[in-house]
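Everything below concerns the one structure shown next.
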Protein chains: 2
Amino acid sequence: MRKTTSTNAINEKLIIDGCGMARALSIVGGRWKPAILCRLKHNTMRYGELKKSIEGISERMLVTQLRELEEDQIIERIVYPEVPPRVEYRLTDLGKTMNPMLEAMSDWGNMHREKVGDKAPASVDI
Amino acid sequence: MRKTTSTNAINEKLIIDGCGMARALSIVGGRWKPAILCRLKHNTMRYGELKKSIEGISERMLVTQLRELEEDQIIERIVYPEVPPRVEYRLTDLGKTMNPMLEAMSDWGNMHREKVGDKAPASVDI
DNA sequence: CAGCATCCGGTTTGATACTG
DNA sequence: CAGTATCAAACCGGATGCTG
């Protein structure tokens with residue numbers, strides 16, 4: 001459990017309250033969230049598909065970040081009562097409103113890669 | 001010193017390489033960076049001005065984040081050889097190209113605040 | 001004025017093993 | 001299949017004191 005009284009947490013809240021940018025970042029800014037959002041941007045995906053497609057992510061992190069996005073009402077979790085179990089994730093309507101922002105971020109990031117151009121071979125944005 | 005061989009660091013690099021969004025976030029995504037960029041978006045500012053205007057930031061954090069932004073060539077540090085010393089910070093040309101993205105983030109953040117509407121009094125975006 | 005250096009606790013992340 | 005639980009390591013950020 002995270003302490004809500006630590007200076008750290010207080011500062012975080014302060015920043016988020018004061019600035020729209022920070023607010024956006026607080027939602028989109030987890031380590032793995034961009035990767036998740038990239039993938040859910042156009043399709044619905046199953047838990048296992050996400051896991052396979054995101055190289056290096058651990059189960060714990062995938063679940064944690066999915067839960068956070070769900071809490072922020074960016075994505076929806078749909079459970080099919082089947083055996084074996086099936087769970088799909090997709091953007092909510094609110095999540096879809098992020099698209100222009102995500103697009104802008106992705107564009108700038110790619111532009112920056114070309115301009116400053118270190119690492120990353122011919123691979124394209126996922 | 002940060003270990004560059006930790007799984008953590010490796011994963012970070014992996015994500016950044018693979019996704020433009022992540023790359024953008026890696027630059028703009030520090031705790032205090034949005035606050036700094038908000039302020040430098042329109043004017044040149046001195047170190048002390050920044051410090052005063054960003055409530056709650058410690059010197060260590062301000063300097064750290066400024067240095068990182070400088071390394072990423074988003075901001076420029078201009079030292080005037082005077083006594084007492086004067087140092088100003090401003091966006092580079094590359095930094096200015098971020099504006100559409102920052103705008104998009106800010107817009108979405110503010111939209112989200114209104115929609116989901118918790119906390120934050122009448123204060124406007126800084 | 002504009003910073004560094006050091007210490008240190010809290011938070012985040014990852015590895016691994018286990019469950020309905 | 002889709003997770004949960006627990007542990008340990010890495011990292012971030014804050015407080016404080018000092019310097020050119």
Side-chain angles (χ1 to χ4, degrees), chain A residues 1-16 22 25-26 29-36 44-70 75-90, chain B residues 1-16 22 25-26 29-36 44-70 75-90:
Chain A
M1 274 285 274
R2 188 174 177 187
K3 287 196 188 175
T4 51
T5 50
S6 65
T7 316
N8 197 322
I10 291 171
N11 274 337
E12 189 180 356
K13 195 174 172 322
L14 207 87
I15 295 170
I16 292 173
L25 276 173
S26 75
R31 158 82 54 100
W32 300 96
K33 285 185 189 160
I36 294 173
T44 296
M45 283 181 85
R46 299 182 57 167
Y47 174 84
E49 289 178 306
L50 282 168
K51 191 176 140 191
K52 250 177 302 181
S53 84
I54 303 177
E55 193 185 355
I57 196 169
S58 68
E59 288 175 349
R60 202 175 87 76
M61 276 302 102
L62 179 52
V63 173
T64 308
Q65 310 265 308
L66 284 171
R67 290 290 182 280
E68 284 177 23
L69 289 170
E70 199 190 341
I75 63 172
E76 234 167 348
R77 183 168 176 267
I78 306 155
V79 183
Y80 295 88
E82 304 172 353
V83 180
R86 183 155 70 105
V87 179
E88 290 187 349
Y89 294 90
R90 70 169 177 215
Chain B
M1 272 281 276
R2 188 175 175 187
K3 289 195 185 174
T4 50
T5 50
S6 66
T7 316
N8 198 322
I10 292 171
N11 274 336
E12 188 179 357
K13 195 175 172 321
L14 206 88
I15 296 170
I16 292 172
L25 277 173
S26 77
R31 158 82 54 102
W32 300 95
K33 284 182 189 164
I36 294 173
T44 295
M45 284 181 84
R46 298 183 57 168
Y47 174 84
E49 289 179 306
L50 281 170
K51 191 175 139 193
K52 249 178 302 180
S53 84
I54 303 179
E55 192 185 355
I57 196 169
S58 68
E59 287 175 351
R60 200 171 87 77
M61 277 302 103
L62 180 53
V63 174
T64 307
Q65 310 267 308
L66 284 171
R67 289 290 181 281
E68 285 178 21
L69 289 170
E70 199 190 343
I75 65 172
E76 232 167 350
R77 182 166 177 270
I78 306 154
V79 183
Y80 296 87
E82 306 173 353
V83 181
R86 183 155 70 103
V87 179
E88 290 185 350
Y89 294 91
R90 70 168 175 213

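Predicted model only: the values in this text are computed from it and were never measured. Here is the naming used below: chain letters follow the sequence lines, and residue numbers restart at 1 for every chain.
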Q) Any donor-acceptor pair under 3.5 Å joining the side chain of R60(A) to the base of dT13(C)? A) yes

Q) E49(A) CD to dA2(D) P: how many Å, rounded? A) 8 Å

Q.
With rounding to the nearest 0.5 angstrom, report the CG to CZ distance, L25(A) to R31(B).
A. 11.5 Å

Q | Residues which pass side chain to side chain contact (heavy atoms under 4.5 Å, CB included) with R60(A), listed by chain and number, not counting sequence neighbours | A | S58(A), T64(A)

Q.
Just N and O in the side chain of Y89(B): are any of them under 4.0 Å from OP1 or OP2 of dG3(C)?
A. yes

Q) Rounded to whole angstrom units, what separation is found between the CD atom of E59(A) and the P atom of dT19(C)? A) 14 Å

Q) Distance check: side-chain N/O of S6(B) vs OP1/OP2 of dC11(D), anything under 4.0 Å? A) yes

Q. Taking only side-chain nitrogens and oxygens of R77(A), does any of them come within less than 4.0 Å of OP1 or OP2 of dG3(D)?
A. yes

Q. Please give, in whole Å, the distance from dC11(D) C1' to Q65(B) CD?
A. 13 Å

Q: When you get a sec, tell me which of dC1(D), dG3(D), dC1(C) is the closest nucleotide to the side chain of P84(B)?
A: dC1(C)

Q.
Nearest whole Å is fine: how far is dG3(C) P from I78(B) CD1?
A. 12 Å

Q.
Please compare N11(B) and N8(A) by the position of their nearest nucleotide in DNA chain C and report the one closer to 5'.
A. N8(A)

